[in-house]
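Structure first, then comments.
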Amino acid sequence: MPTKNKKLILLLAIGVFSILNTEAGIVGIIPHVSAYHDVSITKASTLISAFAMVIAISALIIPLLLSKFNRKLIMLIALGTFTLGTTFSVFTHNFDLLLISRIIPAILHPAYISIAMTLAANFVEPKDAQKAISMVFVGATTGSLIGVPMSNFLANQFSLQISLAYFALVNAMAFIITLIYMPSVKPRVKLSYGQQVGILKKAEVWIVLICTVLLNGAIVSFNSYISAYLTDVAALAGNIITTLLLILGIARIFGTIFAGYLLSVKSGPLSIILPLTSLSIYLSLYFSGDNLIIVTVLLGLFGMLGGMSGNFNQYMISSAGKNSPEFSNGLFISTSNLGTTAGTTIGGIFIGINNQTQDCLLGSVLLVITGFMFILLRNKLIGKKYSKIQESQT
């Protein structure tokens, strides 16, 4: 890969880092928001849920509508909107205005992420596309990993406003770097809006969209309650939990990079290996929660699994809708967020049945088994399509 292209992909990763840092970082300061604005924790948490819901909806529309505009312009508008929104949040004393300052940038969130994944693939040879996309995922994973503890630390040591200013600073830096170093990029889209949406006529597209909801939901069903699991089931102290969560985050980064390599070499086996490995990890965590050594190893594997699954889900959707890359990436973002909602809800339902925290893993098991069935259906469909191509060639 030429050095110039490596720098451009790094630039894309920095932009994604800044956006995910802002998206995930709010989790670390929800109690501070609640106290400062004198609202309940539940209401303060709408800064998370409303943000995710807006992304899920806008991802179906915004990447498609903006697919014919200059890529650099859209990226700057998205980063500029995030910078203005986070800057405004530092000074507002009204919770409703704070919520609005989160929601407006969320509308453009899918546009930037979709463009970043598409450009990363376009900046390299087709055989290296998944490696390049994995670097964008690394930016997202690192942003999430750093955002939460950093925002929490700044709020605890200084103030909520300093924590919010940190988001604004990161967004502003990404905006400036993009403005200076990103070249003007004209869109490659040659299809009309109707033709791009036309990929939804393909059965394979719908199958992989359902797979993404289910497989991401399986991960989130456990991940949403992982702190409670480590506290209630593993009976661990706060400092050990923090260390384990850091291990999980680092493992996720390595999983993301590893998946990019595997998908660029041979993607077929991953469709079977990932869900079956996931199933074994969920079941092992369910029955071995009281063993620190086993839990530590399993959390490392779970982290790698999370990084690999995100890459794999994006690969399935982009392959099925390859004629419309940005709309496909928008669909990936939307279904991933739907999977987050589904996983959190189903994990909570399972916990509520017997009031046992580890039962969230049963939700993961149910979702991954169902997802695996749809993967087998996808593979069968692809196999038939490949056979027809071979027959036509002979």
I317 with V220, same ILVMFWY side-chain cluster at under 4.5 Å: no

Distance-minimising heavy-atom pair for G85 and P105: CA-CG, 4.3 Å

Validation row: I26, R102 side chains within 4.5 angstrom (heavy atoms): yes

Side chain S319, main chain M316, donor-acceptor under 3.5 Å: no

Over 12 foreign heavy atoms within 6.0 Å of CG, D38: no

Donor-acceptor contact present, side-chain S163 to main-chain S159, <3.5 Å: no

Heavy atoms of other groups near F95 CZ, more than 12 under 6.0 Å: yes

No-hydrogen, no-angle side-chain donor-acceptor test under 3.5 Å, T118 and N329: yes

Between CG on residue L119 and CE on residue M75, distance to nearest 0.5 Å: 6.0 Å

N311 versus S134, side-chain donor and acceptor atoms under 3.5 Å: no

Non-neighbouring partners of I176 that pass side-chain contact (heavy atoms from CB on, under 4.5 Å), sequence neighbours left out: I180

Heavy-atom pair of closest approach, residues L98 and H37: CD2-NE2, 3.6 Å

N291 side chain to I293 backbone, donor-acceptor under 3.5 Å: yes

Atom pair CD1 (I351) and CG (D232), whose distance is rounded to the nearest 0.5 Å: 9.0 Å

Distance, nearest 0.5 Å, that separates CD of E125 from CG of D128: 7.0 Å

side-chain contact (heavy atoms from CB on, under 4.5 Å) evaluation trace for F302 with I219: CA-CA 8 Å; F302 175 71; I219 291 172; 3.8 Å; yes

Non-hydrogen side-chain atoms of L236 and T231 separated by less than 4.5 Å: no

Donor-acceptor under 3.5 Å (K72 side chain, P183 main chain): no

Cluster link F88 to I162, ILVMFWY, side chain under 4.5 Å: no

L338 with W206, same ILVMFWY side-chain cluster at under 4.5 Å: no

Worked verdict on I247 versus L244 for side-chain contact (heavy atoms from CB on, under 4.5 Å): CA-CA 5 Å; I247 291 173; L244 289 178; 4.3 Å; yes

Heavy-atom side-chain proximity of I253 to I257 below 4.5 angstrom: yes

Heavy-atom check, side chain of Q314 versus side chain of M117, under 4.5 Å: yes

Closest contact, heavy atoms only, S151 versus F167: CB-CZ, 3.6 Å

Results of ring-ring contact (aromatic ring centres under 6.0 Å, His included) for F17 - residues two or more places apart only: none

Side-chain touch I74/Y112, heavy atoms, less than 4.5 angstrom: no

L285-L367 co-clustered via ILVMFWY side chain contacts under 4.5 Å: yes

Exercise: do N216 and T335 side chains pair donor with acceptor under 3.5 Å: no

T370 side chain vs L366 backbone, donor-acceptor pair below 3.5 Å: yes

Spacing of CG belonging to L245 relative to CD1 belonging to I250, to within rounding of 0.5 Å: 11.5 Å

Donor-acceptor contact present, side-chain S221 to main-chain A218, <3.5 Å: no

Aromatic contact, F222 with Y282 (centres under 6.0 Å): no

Whether S328 side chain and G321 backbone form a donor-acceptor pair below 3.5 Å: yes

Heavy-atom pair of closest approach, residues S284 and S280: OG-O, 2.7 Å

Check: G330 main-chain N/O paired with S334 side-chain donor or acceptor under 3.5 Å: no

Min side-chain heavy-atom separation L200-L331 under 4.5 Å: yes

Beyond-backbone contact of M173 with S18, side-chain heavy atoms, under 4.5 angstrom: no

Hphob cluster co-occupancy, I29 + F158, side-chain heavy atoms under 4.5 angstrom: yes

Side-chain heavy-atom pair L145, R252 within 4.5 angstrom cut-off: no

Sole residue of I272, L279, L215 in side chain to side chain contact (heavy atoms under 4.5 Å, CB included) with F372: I272

Over 12 foreign heavy atoms within 6.0 Å of CG, N355: no

Check: D359 side chain, L362 main-chain N or O, donor-acceptor pair, under 3.5 Å: no

Y229 and L361: CA distance, side-chain angles, deciding distance, side-chain contact (heavy atoms from CB on, under 4.5 Å) verdict: CA-CA 10 Å; Y229 170 88; L361 287 158; 3.9 Å; yes

Nearest heavy-atom neighbours spanning I199 and S324: CG2-CB, 4.0 Å

Test side-chain contact (heavy atoms from CB on, under 4.5 Å) applied to T46 and F51, step by step: CA-CA 8 Å; T46 57; F51 191 95; over 6 Å; no

Reported CG-to-CZ distance for the pair L376 and F374, which is rounded to 0.5 angstrom: 11.0 Å

Nearest non-hydrogen partners of T86 and A168, listed with the distance: OG1-CA, 3.1 Å

Side chain to side chain contact (heavy atoms under 4.5 Å, CB included) partner of V16, the single match among I19, L20, L12, I14: L20

Gap between atom CD1 of I226 and atom OG1 of T357 - 0.5 Å precision: 12.5 Å

Parallel, tilted or perpendicular: rings of F82 and H109 (30°, 60°): tilted

Y36 and Q161 side chains, donor-acceptor separation under 3.5 Å: yes

Distance-only side-chain donor-acceptor flag, H32 / N156, under 3.5 Å: yes

No-hydrogen, no-angle side-chain donor-acceptor test under 3.5 Å, T83 and N171: no

Any donor-acceptor pair under 3.5 Å from T344 side chain to T341 backbone: no

